[in-house]
Amino acid sequence: MAKNFVSREENYSQWYNDLVIKADLAEYSAVRGSMVIKPYGYAIWEMMQAALDKKFKETGHVNAYFPLFIPKSFFSKEAKHVEGFAKECAVVTHYRLKNDENGKGIVVDPDAKLEEELIVRPTSETIIWDTYRKWVQSWRDLPILINQWANVVRWEMRTRLFLRTAEFLWQEGHTAHATKQEAEVEAKKMLGVYTDFAKNFMAMPVIQGVKTENERFAGAIETYCIEALMQDGKALQAGTSHFLGQNFAKAFDVKFLSKENKLEYVWATSWGVSTRLMGALIMTHSDDSGLVLPPKLAPFQVVIIPIYRKEEERLAVIAKGNQIKEELEKLGIRVKHDDRDTQKPGYKFAEWEFKGVPLRIAIGPRDLKNNTVELARRDTLSKSFTPMDGLNDTVVNLLDEIQNNLYNKAIDFRSEHTTEVNNWQEFKEVLENKGGFILAHWDGSSETEDKIKEETKATIRSIPLDYDESEEGKCVYSGKPSKGRVVFAKAY
RNA sequence: CGGGGUAUGGCGCAGCCCGGCUAGCGCACCUGCUUUGGGAGCAGGGGGUCGCAGGUUCGAAUCCUGCUACCCCGACCA
């Protein structure tokens with residue numbers, strides 16, 4: 001399984017691709033740029049969904065579902081929005097097939113042309129705001145706090161498993177508010193939810209920030225984001241939350257009567273994270289032995305592997321394994337007891353290690369005699385014999401420790417790969433040789449940002465929310481005055 | 001859209017340059033015996049329209065023409 005597995009240093013992108021495929025997370029499908037998410041990969045996504053969904057509910061949101069297809073005309077109602085997405089839309093033009101008259105298979109029936117073409121949603125703002133118009137009349141109808149779990153399609157030129165596929169899964173929150181302030185609070189609140197999720201579930205540190213105009217969502221007034229740093233020194237946008245102002249309310253004529261009996265446009269937000277988080281998770285923790293999963297998101301937190309020779313040993317060891325499994329499950333721990341008789345222990349060790357199970361318990365005849373188990377940690381690849389007594393506590397504590405250790409390792413990596421840079425020469429050198437986040441002064445202009453991108457491929461990932469205006473300086477590129485440091489990096 | 005690569009049992013590949021007899025190897029699979037604390041060993045066995053369509057030839061996985069699909073690198077993007 002991990003045989004012939006290329007190391008990160010040898011070829012990082014091959015390491016990533018091989019990992020996704022060999023760890024059974026996903027595979028290429030028959031359709032270009034689309035992937036099959038396999039059960040093990042989907043199980044991780046379900047863990048993410050469950051945790052996020054709970055947080056959404058706790059913050060007052062409810063789930064709903066809006067259509068996959070969007071009338072083409074809806075798109076043109078918000079100018080910036082069309083412009084942003086037009087180049088990557090899949091379009092439905094017909095609704096019927098028929099047998100080819102020359103007997104060459106099946107063809108699109110030209111008589112079945114749609115009056116108005118339909119766009120396969122790349123995001124749902126338009127269809128949702130067209131709907132919200134009907135739902136909102138009074139301030140009493142607000143706020144609307146809705147999330148949907150859905151698939152979307154963006155016809156990307158170049159795709160990568162999980163990181164950028166033509167179709168992907170995500171959640172998109174769409175909220176409507178009576179006041180600007182309330183919408184702004186909402187956008188930031190959800191950014192906080194994402195940050196918290198990244199930290200406490202994914203064990204992934206992120207920088208909270210605001211996008212520059214260049215990187216802003218098409219149709220937003222302000223785009224907030226969380227940016228994470230991957231092990232190859234490139235940044236990954238892990239989640240976004242947009243303050244949409246009244247742009248969509250105006251485009252779709254969504255008005256309400258305020259308490260003062262004045263007709264006003266509704267204020268909006270939208271926010272989302274996608275299966276891209278799978279890529280982020282993989283590239284934050286995994287190593288040259290395969291996937292490494294944080295306990296909070298691992299489909300199996302513990303795998304039990306029995307070791308035996310004779311049938312009586314098998315029965316005894318498996319009975320013990322079942323007992324341990326049952327007790328751990330009572331504590332809410334997700335356990336896989338790999339009692340397959342068709343594979344040998346060594347094979348199972350390698351397989352589950354590659355699949356990133358945080359903790360492995362091996363039990364053999366010797367353990368039964370000594371009242372011990374062999375415990376192996378995935379994060380440190382260390383093994384130890386541990387007394388069977390108190391095993392439950394040991395496991396609970398270790399899972400906790402692994403979760404923390406992963407976060408700490410990730411944050412150490414990020415610290416080591418975050419560099420303050422004060423001149424252009426240094427900027428280029430650090431970007432070239434070290435990568436990572438670069439904190440540098442910027443004059444605030446799109447022109448400078450564009451030029452830096454042209455010359456180095458680095459972009460401004462965000463203006464950090466804790467932007468320090470006390471440290472004035474000079475733009476690293478133009479030398480013009482700057483109010484504070486922003487985050488540069490090459491990005492996925 | 002530009003550049004590169006690939007297409008041969010389920011998977012990974014060799015064979016192609018220089019055409020030839022039954023298309024081969026590893027893994028996986030099936031049967032049996034021995035094994036089992038880091039990817040088991042031996043023996044036997046099953047499985048392939050060589051991406052598609054033409055062409056050259058006595059004969060094509062191999063040469064020629066055209067097509068298609070996918071992957072990688074770039075431009076575009078979450």
Side-chain angles (χ1 to χ4, degrees), chain A residues 1-5 11-14 16-18 21-22 24 27-35 83-89 104 122-123 152-172 194 211 214-218 220 223 225-228 235-242 270-280 289-290 305-311 313-314 317 340-354 360-370 372-376 381 383 385 453-454 457 459 461 491-492:
Chain A
M1 166 151 290
K3 288 172 188 166
N4 306 321
F5 181 51
N11 187 337
Y12 190 85
S13 67
Q14 198 190 337
Y16 174 82
N17 284 332
D18 288 358
I21 287 165
K22 290 179 179 170
D24 240 3
E27 66 183 39
Y28 295 106
S29 75
V31 184
R32 186 203 71 94
S34 302
M35 64 176 178
E83 200 187 312
F85 286 104
K87 285 169 292 181
E88 51 191 33
C89 285
K104 300 255 176 184
T123 179
V152 286
V153 168
R154 295 181 189 176
W155 215 261
E156 299 289 350
M157 296 182 202
R158 211 181 134 209
T159 56
R160 292 197 69 185
L161 294 167
F162 287 118
L163 297 172
R164 176 167 294 108
T165 45
E167 178 188 1
F168 58 93
L169 306 182
W170 77 346
Q171 59 67 217
E172 44 181 328
Y194 292 152
K211 286 293 185 192
N214 285 8
E215 305 276 327
R216 197 177 290 155
F217 175 73
T223 290
C225 62
I226 52 172
E227 293 281 329
L236 184 83
Q237 178 175 300
T240 50
S241 181
H242 315 290
S270 68
W271 28 273
V273 295
S274 71
T275 37
R276 183 177 229 208
L277 287 180
M278 294 286 293
S289 304
I305 297 176
I307 296 158
Y308 49 83
R309 286 163 204 250
K310 297 169 243 160
E311 177 63 8
E313 287 176 345
R314 190 179 75 87
V317 157
R340 286 177 294 176
D341 196 27
T342 49
Q343 314 292 344
K344 295 189 28 171
Y347 180 92
K348 296 176 186 175
F349 289 177
E351 177 174 351
W352 292 113
E353 192 168 287
F354 198 85
R360 180 181 75 227
I361 298 176
I363 316 168
R366 268 192 319 227
D367 293 305
L368 292 185
K369 201 183 295 170
N370 302 336
T372 57
V373 296
E374 187 200 63
L375 267 183
L381 291 171
K383 292 191 288 197
F385 285 95
K453 186 177 178 183
E454 239 170 73
K457 293 196 180 132
T459 49
R461 299 323 302 153
Y492 273 99

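Below, read A as the first sequence line, B as the second, and so on, with proteins coming before strands; counting in each chain starts at 1.
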In chain order, what residues pass the ring pair (Phe, Tyr, Trp, His ring centres under 6.0 Å) check against A/Phe217, with sequence neighbours excluded?
-> A/His81, A/Phe85, A/His242

Would you please name every residue forming a ring pair (Phe, Tyr, Trp, His ring centres under 6.0 Å) with A/Trp155, sequence neighbours left out?
->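 None.
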
Residue-phosphate contact under 4.0 Å: A/Asn17 side-chain N/O, B/rC72 OP1/OP2 = yes

Going by the rule side chain to side chain donor-acceptor pair (under 3.5 Å), which residues pair with [X] if we only count those two or more places apart in sequence or in a different chain?
| X | answer |
| --- | --- |
| A/Thr123 | A/Glu125 |
| A/Tyr308 | A/Asp341 |
| A/Thr165 | none |
| A/Glu374 | none |

Contiguous pairing runs of three or more, Watson-Crick or G-U under 3.5 Å, that involve RNA chain B = B:1-7 with B:68-74, B:10-13 with B:24-27, B:29-34 with B:40-45, B:51-55 with B:63-67

Starting at the 5' end of RNA chain B, which residue's closest nucleotide do you reach first, A/Ser29 or A/Gly346?
->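 First, find each residue's nearest nucleotide; the 5'-ward one identifies A/Gly346.
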
Closest-nucleotide 5' rank along RNA chain B - winner of A/Leu161 and A/Met157 |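 Nearest nucleotide further toward 5': that of A/Leu161.
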
Taking atom types as they are modelled, would you say the side chain of [X] forms a donor-acceptor pair with the base of [N] within the 3.5 Å cutoff?
| X | N | answer |
| --- | --- | --- |
| A/Lys344 | B/rG37 | no |
| A/Arg360 | B/rG38 | yes |
| A/Glu353 | B/rG38 | yes |

Where the side chain of A/Lys22 meets the backbone of A/Gly290, is there a donor-acceptor pair that is under 3.5 Å apart?
->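 Checked: no pair found.
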
What's the NZ-C1' distance between A/Lys87 and B/rC76, to the nearest Å?
-> 6 Å

Partner residues of A/Arg164 under the salt bridge (charged side-chain N to carboxylate O under 4.0 Å, His left out) criterion, sequence neighbours left out =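 If we apply the salt bridge (charged side-chain N to carboxylate O under 4.0 Å, His left out) test to A/Arg164, skipping adjacent residues, there are no hits.
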
Within the sub-3.5 Å range, which N or O atoms of nucleotides 8-12 of chain B have a protein N or O partner, and how far apart are they?
none

